Novice: 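Have a look at the structure that comes next, please.
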Amino acid sequence: YMVEQLRALKQRLEDSHKYIEKVINSISPAIITFNNEGRIISCNSSAKELLGLSKKKGESIWDILSDYPSLKKAVENLIEKGNRRTEVREEIKGREKFLSIELIMSP
């Protein structure tokens, strides 16, 4: 009985994860999530398009941001200072972009 409950719980978690992933991919703001070690957990289609990313799960966020010095510095400052939001200007694909960056730390 307990094994069946665990299987059902696992399936519900997987279904919830797929649903959340679909929602995140359908919104226009670029979203990249990464863990405390800086490894990418997920990125939505807007982030992939904006930064020219393929599915880079597990890759270092710092390697990706190394091509975007202003963006990298802004993220580093948010983490170091514990701030939640900042704005940055960055040239991406030859065009100047004004980006709003929000850092949300999980508990």
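As the structure is a prediction and not an experimental result, all values here were calculated from the model. In this chain, residues are counted from 1 in sequence order.
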Novice: With a 6.0 Å cut-off (strictly less than), is the heavy-atom count around CD of Glu76, excluding the residue itself, greater than 12?
Specialist: yes
Novice: How many angstroms lie between SG in Cys43 and CD in Glu49, if you round to the nearest 0.5 Å?
Specialist: 12.5 Å
Novice: Quick one: do Glu14 and Lys18 make a salt bridge, cutoff under 4.0 Å?
Specialist: no
Novice: Could you tell me the separation between the CG atom of Leu13 and the CD atom of Gln11, rounded to the nearest 0.5 Å?
Specialist: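 Leu13 atom CG to Gln11 atom CD measures 9.5 Å (nearest 0.5 Å).
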Novice: Atom CD1 in Ile61, atom CD in Glu37: separation rounded to 0.5 Å?
Specialist: 13.5 Å
Novice: Contact between Thr86 and Asn77 at the side-chain level, heavy atoms closer than 4.5 Å - yes or no?
Specialist: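 A side-chain contact is absent here, since even the closest heavy-atom pair is not under 4.5 Å.
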Novice: Ala47 and Ile31: which non-hydrogen atoms are nearest, and at how many Å?
Specialist: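 Taking every non-hydrogen atom into account, CB-O, 3.7 Å.
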Novice: Ignoring hydrogens and angles, tell me if any N or O in the side chain of Asp67 forms a donor-acceptor pair with the backbone of Ile92 under 3.5 Å.
Specialist: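 The answer is no, because no donor-acceptor pair under 3.5 Å joins these two groups.
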Novice: Taking all non-hydrogen atoms of both residues, which atom of Leu50 and which atom of Ala30 are closest, and how far apart?
Specialist: CD2-CB, 4.2 Å
Novice: Please walk me through it: do Ile32 and Ile64 pass side-chain contact (heavy atoms from CB on, under 4.5 Å)?
Specialist: CA-CA 11 Å; Ile32 300 174; Ile64 289 168; 5.6 Å; no
Novice: Heavy-atom count check: over 12 atoms from other residues, nucleotides or ligands less than 6.0 Å from Gln5 CD?
Specialist: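 Counting neighbours around CD of Gln5, more than 12 heavy atoms of other residues, nucleotides or ligands fall under 6.0 Å, so yes.
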Novice: If you measure from the Lys or Arg side-chain nitrogens to the Asp or Glu carboxylate oxygens, is any gap between Glu90 and Lys97 under 4.0 Å?
Specialist: no
Novice: Provide the closest heavy-atom pair for Ser70 versus Val88 in the form atom of the first, atom of the second, distance.
Specialist: O-CG2, 3.5 Å
Novice: Kindly determine whether Ser100 and Arg85 satisfy side-chain contact (heavy atoms from CB on, under 4.5 Å), including the steps that lead there.
Specialist: CA-CA 7 Å; Ser100 178; Arg85 180 177 282 248; 3.3 Å; yes
Novice: What's the verdict on side-chain contact (heavy atoms from CB on, under 4.5 Å) for Glu87 and Phe98, showing C-alpha distance, side-chain angles and the deciding distance?
Specialist: CA-CA 7 Å; Glu87 309 252 331; Phe98 292 92; 5.7 Å; no
Novice: Rounded to the nearest 0.5 Å, what separates atom OH in Tyr68 from atom CG in Leu99?
Specialist: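 With rounding to 0.5 Å, OH (Tyr68) is 10.5 Å from CG (Leu99).
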